[in-house]
Amino acid sequence: MPKAGSTLSLDGEGKPLWVSLELTYQCPLNCVFCSNPVDFDDYREGELSTEEWKRVIREARELGALQIGFTGGEPALRKDLEELIGYADSLGFYTNLISSGIGLTPTRLVEMKARGLKHIQLGFQSCDETTANLMAGADAFRRKLEIAREIKALGFPMVLNVPVTRHNLPQIPEILNLAESLGVEYIELANIQYYNWALINRDQLLPTREQLEWAEAEVARFRERVGERMTVYFVIPDYYDGRPKACMNGWGAIHLTIAPDGSALPCSQARSIDTLSFPNVRDHSLAWLWQESDTFNHFRGDSWMKEPCRSCDEKEKDFGGCRCQALALTGDAANADPACSKSPHHSRILDAIDRAAATQDRPEALIYRDAGFNCEGGER
Amino acid sequence: MTSPTLPTPEHRYVINPLFLFRWEASQNAHVLLYPEGVVKLNASAASILKLCNGTYNVTQMVDHLSERYDGSPRELIGQSLIKFLEAADAKGWINAVA
Ligand code: SF4
Ligand code: SF4
């Protein structure tokens, strides 16, 4: 699932304040924008056990973590989700569930509430059934709507996370109205992060600048009408911004992600950096992974930076952008994020924008997240 | 967030039930946790939030704080209390109860 930008008004002082547990990569949906690894199905075996997850939760808390997110894949596919939520709550975590809604039932939600779950982020594609199912690659629309109502009825605060693509962008005004009628207090119109499945489908997903500007005006109009009752998060994507996002608040700064197999990652996309190896919680303590491992120290601070970042006066602001995007688009994770207009590779972003715009009038088939897909050769 | 209710002497407050307010040893401070966010509180903010448990009205809060911050003029304490309550209400941290 794409995650809402976490806004921690607190410097980590070297602590992993935010821990994401990717309980499983398995998911009943097949979203075309999914940021899980393309080879996600290879991790089906070997997921951490309940006891192993509990050890991770305990050690994260000892390291000073305050926020915990249960994510995936679809975390509700794990039968021990309720137990893990309860354990995290008992240690003092603020517990967040990041879900597609599929697999959640009223009974399970009641149980999660009783175990101390505080907040749910629900992935939602559109108010239009055809578009929603097109993006999710499954017939999930009605189920999601039902579960959204159920979540609100139980009094959970809920963020609706709507990944914005060319397909659902025209429906933004209606999506906002629907969120309002659901009683949602926060909606994130999330920019797709183009990694993995989303990168494969980029030409078909990336909106044009004109479309985004239209959406921005619609969002402003909606904000004006509803006032403070609802918060709408919407920012122009890095592709169009000329500056990269301050990815994860910096590498190994406040975020720690644990993948289903126990690999410790500075961000859920970091696995794509194949020049690094990711230490596993099965072999090391969390304290060692976070503080000592080469991987977490590799891009910490700014001594790894090359030009133009090294001598840039904005490096405190965006930390040179996203390492994974630098790797995916320039071939070297230590380069400036090419979303930056100062990057010598910025033309790769501009080309991608042009290519995506050129496909507007001749749509091609979307490629759905699926176990049988292999990046180099297409279908296996 | 919610539109703040202007604090009157009779108002009582509770912490927004969706928030978690507690002491955090690793920060050596009280923290307020909420969906995807954390606020580290200074000592005076924490001492006010402790009184937001639905029991004390604003006048009684001033009594408590005057005892605690012995030496500060009562009027000054009242003023900064009102300011804080207003801001915390606007941010959705606390809710006024009837
Ligand atoms: S397929 Fe969709 S719902 Fe499932 S993990 Fe990927 S983005 Fe999330
Ligand atoms: S050159 Fe590097 S540090 Fe400077 S704005 Fe661009 S990405 Fe950020």
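Numbers restart at 1 for each chain; the letters A, B, ... are given by sequence-line order, proteins then strands. Remember, it's a predicted structure, so these values are computed and weren't measured experimentally.
Partners of B:Y56 under the ring-ring contact (aromatic ring centres under 6.0 Å, His included) rule, at least two apart in sequence or in another chain, are B:H64. When the ring-ring contact (aromatic ring centres under 6.0 Å, His included) test is applied to B:F21, the partners found at least two apart in sequence or on another chain are B:H30.
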The test is side chain to side chain contact (heavy atoms under 4.5 Å, CB included); show your working for A:L17 and B:Q27 and say whether it passes.
CA-CA 11 Å; A:L17 294 177; B:Q27 297 286 340; 3.7 Å; yes
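Contact check for B:P35 versus A:Y94: side-chain heavy atoms found under the 4.5 Å cut-off. Counting heavy atoms from C-beta outward, A:H119 and B:L33 have side chains that stay 4.5 Å or more apart. With a 4.5 Å cut-off on side-chain heavy atoms, A:L66 and B:R22 count as touching.
Ion pairing between A:R61 and B:E24 holds under the 4.0 Å rule for side-chain N and carboxylate O.
Minimum heavy-atom separation, A:G64 to B:S26: CA-OG, 3.7 Å.
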